[in-house]
Amino acid sequence: MSLKIYNTLSRTKEDFIPLKGNQVGMYVCGPTVYNFFHIGNARPFLIFEVVRRYLKYKKYKVKYVTNFTDIDDKVIKKANEMGITFSEVAKKYIKEYFQDADCLNIGRADFYPRATEHIPDIIRFIQGLEEKGYTYVVDGDVFFEVSKFKDYGKLSRQNLDDIQIGARIELDERKKNPYDFVLWKKAKENEPKWDSPWGAGRPGWHIECSVMSTKYLGESFDIHAGGEDLIFPHHENEIAQSEALTGKIFAKYWLHNGYLNIDDKKMSKSLGNILTIRELSQKYDGSVIRHFLLSAHYRSPLNYSLYQMEQSKQGMETLNNLIYNLNFLYERNEFSKEMTIESKKLLKTVNDMEKKFLQAMDDDFNTPIALSTLYSLAKETNIYLNKEKNKNKEIIEKIIQFYEQFGNKILGLIFKPNLTSPEQVQKKEIEELIKARELARKNRDWQTADQIRDKLNEMGIIIEDTIEGTRWKKY
RNA sequence: GGCGGCAUAGCCAAGUGGGAAGGCAGAGGACUGCAAAUCCUUUAUCCUCGGUUCAAAUCCGAGUGCCGCCUCCA
């Protein structure tokens with residue numbers, strides 16, 4: 001089975017063939033660290049890390065890089081508001097980033113380069129462009145001259161002559177072309193600054209990504225990803241400056257995720273309709289938020305609503321229940337070696353779902369279909385668990401593995417498997433109560449049985465009677 | 001003005017020529033001492049009109065509606 005990826009550059013699904021053997025270099029535009037990140041920001045962080053998980057599953061050696069933009073207008077503004085330095089702001093929100101990323105079970109990148117740690121690299125890069133004649137300087141600002149790069153617009157399919165000048169852009173009289181962009185920005189008073197051949201200043205926005213991606217992944221690398229709003233001008237400009245300097249293809253595959261909307265509007269700081277992960281995680285488990293973000297294909301728009309979150313919560317509960325139930329059974333260890341018709345049927349379902357899952361992921365990371373296989377298998381498994389008296393250990397193990405490998409490792413949904421491992425003391429107490437209730441039930445003393453159940457409920461324990469005996473879980 | 005996306009059940013969401021996946025919610029039922037968990041049943045003129053085709057949710061044309069990029073933005 002071959003992996004197909006939609007490439008923004010060609011606007012088609014292409015076979016994925018890495019530049020060098022089975023090694024994959026991947027760069028995802030990371031956050032500007034001046035605030036908690038919101039659920040819209042979370043989408044690319046999460047989905048492209050799932051891409052990485054899947055590539056690893058496919059035995060690729062992936063080098064995954066994501067940056068922190070730790071110096072720009074917003075960081076400076078925040079520093080002034082808080083009365084601390086810009087680097088303290090960055091430090092704080094990098095820490096907060098990791099807390100929220102961990103909550104969503106977003107795996108760590110291999111490198112987290114920061115703009116301010118690469119100033120010399122950035123200066124060298126700009127000097128290279130200067131030597132090749134792509135730049136001009138006006139009052140200490142260094143600009144990239146877009147018209148000198150013949151492929152400008154190839155990613156966003158914009159034609160320089162056709163872009164309406166001034167549609168929404170404020171004209172900077174000093175620019176030769178309105179789409180020329182700043183590589184190096186002269187420092188204003190009281191702003192953080194670094195020395196450079198063009199005077200004291202700081203890097204422009206686009207340059208850091210070009211510099212740091214090529215530094216860690218080479219002049220040409222495989223995958224560059226980010227939100228679709230970055231296509232123009234950010235990624236277009238990255239291509240321009242990188243390919244102008246090296247004369248080589250910058251990134252082979254460009255992946256962009258669709259927006260996350262809220263009330264059918266884009267979630268953005270300027271509209272003030274943002275919802276941070278920090279806020280949301282007060283109410284929902286990280287795996288529920290994850291489930292929600294994976295419930296639509298990554299290139300489709302996805303609308304946030306409370307109702308939707310509740311749907312994801314319910315869905316996760318169904319899956320969690322299955323995992324509970326499987327583990328309960330597994331701990332009992334009362335299996336049959338017999339391979340009945342029902343067992344064979346279920347085995348076939350597992351194999352079918354496995355195949356379907358992989359096909360879905362191979363087709364441009366179709367996570368909604370991948371998720372659906374988790375549910376289809378859950379239903380078949382529940383039917384088996386209810387009906388079949390001769391439960392087959394091999395199959396139960398295979399199903400547990402399916403959820404571990406696909407649900408947990410690839411999709412990153414963490415199931416809550418350890419239903420029966422709270423503190424030992426309590427566990428003992430619970431089991432004694434259950435025994436007492438069993439006895440009462442045997443004697444058809446429903447009143448006592450129900451009293452015990454109520455007591456357990458107060459302890460946060462839910463009782464479920466099954467043909468294998470009473471199982472319990474903590475919620 | 002230039003570029004691009006979307007329209008499938010009450011809700012979410014797959015599906016790009018030949019059986020309309022999956023989930024959530026609702027209703028009814030089964031199981032249970034009662035529950036819980038689970039299962040079963042039930043819901044779609046695929047935005048409209050026209051065209052191509054033996055065959056269209058899927059391709060083509062027109063229309064309607066919604067959204068995004070071209071300003072910092074994931």
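Within every chain, numbering begins at 1; the chains are lettered A, B, ... in the order of the sequence lines, protein sequences first and strands thereafter.
- By the 30° and 60° cut-offs, the orientation of the rings of A:Tyr97 relative to A:Phe45 is perpendicular.
- At the heavy-atom level, A:Lys379 lies under 4.0 Å from the strands shown only through sugar-phosphate atoms.
- Among the heavy atoms of the strands, none lies under 4.0 Å from A:Ser312.
- In this structure, A:Tyr375 reaches the sugar-phosphate backbone alone: every heavy-atom distance under 4.0 Å involves primed, P, OP1 or OP2 atoms, never a base.
- With both ends at atom P, the span from B:C46 to B:U38 equals 34 Å, rounded to whole Å.
- The residue A:Lys356 sits close only to the backbone: its heavy atoms come under 4.0 Å of sugar-phosphate atoms, none of a base.
- Note: CD (A:Gln314) to C1' (B:A25) measures 9 Å, nearest angstrom.
- Nucleotide B:U48 forms a Watson-Crick or G-U wobble pair with B:A62, both donor-acceptor distances falling under 3.5 Å.
- Side-chain N/O atoms of A:Arg471 and base N/O atoms of B:A37 include no donor-acceptor pair closer than 3.5 Å.
- Heavy atoms of A:Glu464 sit under 4.0 angstrom from at least one base atom.
- Residue contacts shown for A:Thr373 are absent, as no nucleic acid heavy atom lies under 4.0 Å away.
- Using a 4.0 Å heavy-atom criterion, one finds that A:Gly40 contacts the bases of the nucleic acid, with or without backbone contacts as well.
- In this structure, A:Asn366 reaches the sugar-phosphate backbone alone: every heavy-atom distance under 4.0 Å involves primed, P, OP1 or OP2 atoms, never a base.
- Tested against A:Asp352, the residues A:Lys355, A:Lys348, A:Lys356 include a single salt bridge (Lys or Arg N to Asp or Glu O under 4.0 Å) partner, A:Lys348.
- At the heavy-atom level, A:Asn382 lies under 4.0 Å from the strands shown only through sugar-phosphate atoms.
- Listed pair A:Asn261 / B:C67 fails the phosphate criterion, with no side-chain N or O lying under 4.0 Å from OP1 or OP2.
- Atom P of B:G15 sits at a distance of 15 Å from the matching atom of B:G22, rounded to the whole Å.
- Aromatic ring pairs are classed by plane angle as parallel below 30°, tilted from 30° to 60° and perpendicular above 60°; the pair A:Phe111 and A:Tyr216 is tilted.
- Residue A:Leu260 is in base contact, counting any heavy-atom pair closer than 4.0 Å across all strands shown.
- Pairing for B:C72 is absent, with no Watson-Crick or G-U wobble pair whose two atom distances lie under 3.5 Å.
- Residue whose closest nucleotide on RNA chain B sits further toward the 5' end, between A:Ser300 and A:Leu319: A:Ser300.
- Pair assignment for B:A25 gives none, since no Watson-Crick or G-U wobble pairing has each distance under 3.5 Å.
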